[in-house]
Amino acid sequence: MKKIILAVAAIVVAFTFCGCGISKTDLALQNMAEVRYNIFAGENNVYVATFMSGKRESPYVVNGICEKQVEFGMITVKYKSSDMPTVAQYELNVGDNLYKGNLEYNNYESTLMVDIQKVVSDDAKISLKVITDTDEQTCTLEPKTKGMEITWRTALDIALESLGDEVKAYVSKGKMNGEVYVKIITDLNSNFDDYYWYVSIVGTNGKTSGVIINPQSGEVIAKK
């Protein structure tokens, strides 16, 4: 029954028009600033880590204007101790492919990050090694999106239906004056049990609308 309800919701969205015969779904898909396809997570005694891949605009600027899309593959490492390095190297094994280089310190989130600019499959085998001047620490990153009932595409349909006529505030003369983000969100301080889809629209006028969706049931948990 749940899948039938979601299918009906998608049909409703597809035939809800925002002027000039263009559906809300088409407008959103034409203005995707970021879509996160999958996420992998793991930890050891020293740090927790995630790897997320998808497509995003380049340059990446949250301003309501959608630019050309490029692939991304973002490694994020958060140390469990406050005594964390600000300089480190990484080796990321994705199946038979090895990526390595320097991690960059993110002062805003107190994490180490790097973008390998690659999309990987949902069931990829991934391991990460972080190398500092004093040690090397390795962990396996497990897929967290593989078993989700709700895909990013279904999450987009659910969000557009939930927002309803509010989407029209971003549309003028058959064009969307804004950009759309479909993200997988979690808390790096948690044990990776809780993941949600977060779909948002950012207008050129600074207005933002967002919906948080349960990835298993499709339930809208919060909306703003």
Side-chain angles (χ1 to χ4, degrees), residues 33-64 67 70-94 98-120 122 124-145 148 152 155 179 181-200 202 206 208 210-215 221-222 224:
E34 180 177 0
V35 54
R36 300 178 179 179
Y37 295 149
N38 46 42
I39 186 170
F40 302 77
E43 64 180 305
N44 53 33
N45 293 331
V46 177
Y47 61 77
V48 297
T50 62
F51 176 78
M52 187 180 307
S53 74
K55 290 186 176 181
R56 60 173 45 164
E57 66 175 354
S58 178
Y60 188 77
V61 182
V62 183
N63 59 2
E67 304 289 351
V70 296
E71 292 188 356
F72 74 89
M74 185 66 69
I75 303 169
T76 302
V77 179
K78 185 175 181 64
Y79 273 67
K80 295 181 177 181
S81 167
S82 58
D83 184 23
M84 68 168 292
T86 57
V87 177
Q89 290 76 47
Y90 73 93
E91 292 183 1
L92 185 76
N93 286 281
V94 182
L98 173 63
Y99 304 90
K100 59 183 180 179
N102 296 322
L103 289 165
E104 302 170 5
Y105 182 68
N106 182 336
N107 186 59
Y108 180 72
E109 296 182 340
S110 297
T111 58
L112 296 170
M113 305 178 70
V114 71
D115 181 7
I116 68 167
Q117 301 178 342
K118 295 289 182 181
V119 171
V120 306
D122 292 346
K125 304 297 184 183
I126 300 180
S127 65
L128 173 68
K129 179 189 292 185
V130 177
I131 306 161
T132 68
D133 291 338
T134 58
D135 67 357
E136 299 181 1
Q137 296 289 337
T138 303
C139 73
T140 299
L141 305 185
E142 301 292 343
K144 298 299 180 178
T145 39
M148 287 184 179
W152 75 266
E179 52 189 355
Y181 297 79
V182 182
K183 299 181 179 181
I184 306 163
I185 57 174
T186 188
D187 183 356
L188 278 177
N189 294 312
S190 73
N191 57 1
F192 305 117
D193 284 340
D194 298 321
Y195 291 87
Y196 303 95
W197 288 110
Y198 176 57
V199 182
S200 62
V202 177
T208 300
V211 179
I212 297 176
I213 299 165
N214 184 301
I221 297 173
K224 71 171 186 176

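Here the structure is a predicted model, which means the values were calculated and not measured.
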Please identify each residue that fulfils side chain to side chain donor-acceptor pair (under 3.5 Å) with T132, with sequence neighbours left out.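 By the side chain to side chain donor-acceptor pair (under 3.5 Å) rule, T132 matches T134, D135.
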Distance-only, no hydrogens or angles: does the [X] side chain make a donor-acceptor pair with backbone N or O of [Y] under 3.5 Å?
{"X": "K125", "Y": "T140", "result": "no"}
{"X": "Y99", "Y": "K118", "result": "no"}
{"X": "D122", "Y": "P143", "result": "no"}

Does atom NZ of K80 have more than 12 heavy-atom neighbours from other groups under 6.0 Å away?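 Atom NZ in K80 is packed in, count exceeds 12.
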Taking atom [atom1] of [X] and atom [atom2] of [Y], what is their separation to the nearest 0.5 Å?
{"X": "Q137", "Y": "N45", "atom1": "CD", "atom2": "CG", "value": "7.5 Å"}
{"X": "K100", "Y": "N93", "atom1": "NZ", "atom2": "CG", "value": "10.5 Å"}
{"X": "Y90", "Y": "I75", "atom1": "OH", "atom2": "CD1", "value": "5.0 Å"}
{"X": "I39", "Y": "T145", "atom1": "CD1", "atom2": "OG1", "value": "7.5 Å"}
{"X": "K144", "Y": "T50", "atom1": "NZ", "atom2": "OG1", "value": "11.5 Å"}
{"X": "W197", "Y": "I184", "atom1": "CH2", "atom2": "CD1", "value": "4.0 Å"}

Would a 4.5 Å heavy-atom cut-off, applied to side chains only, mark [X] and [Y] as touching?
{"X": "M84", "Y": "L112", "result": "yes"}
{"X": "F51", "Y": "I116", "result": "yes"}
{"X": "K224", "Y": "T208", "result": "yes"}
{"X": "I126", "Y": "L92", "result": "yes"}

Side chains of residues 52-62: which donor-acceptor pairs under 3.5 Å do they make with residues two or more places apart or in other chains?
| from | atom 1 | to | atom 2 | distance (Å) |
| --- | --- | --- | --- | --- |
| S53 | OG | N38 | OD1 | 2.6 |
| S53 | OG | V120 | N | 3.3 |
| R56 | NH2 | E34 | OE2 | 3.1 |
| E57 | OE1 | E67 | N | 3.0 |
| E57 | OE2 | V61 | N | 3.2 |
| Y60 | OH | E34 | OE1 | 2.4 |

Kindly write out the residues that satisfy side-chain contact (heavy atoms from CB on, under 4.5 Å) with [X], not counting sequence neighbours, or none if the list is empty.
{"X": "S200", "result": "Y181, Y198"}
{"X": "N214", "result": "Q216, S217, E219, I221"}
{"X": "Q117", "result": "D115"}

Heavy-atom pair of closest approach, residues [X] and [Y]:
{"X": "E91", "Y": "I131", "value": "OE2-CD1, 3.9 Å"}
{"X": "P85", "Y": "Y105", "value": "O-CD1, 4.3 Å"}
{"X": "Y47", "Y": "L128", "value": "OH-O, 3.6 Å"}
{"X": "E179", "Y": "A33", "value": "OE1-CB, 3.3 Å"}
{"X": "K78", "Y": "S110", "value": "NZ-O, 4.2 Å"}
{"X": "L141", "Y": "G42", "value": "CD2-N, 3.5 Å"}

Under the ring-ring contact (aromatic ring centres under 6.0 Å, His included) test, which residues partner F40, sequence neighbours left out? none
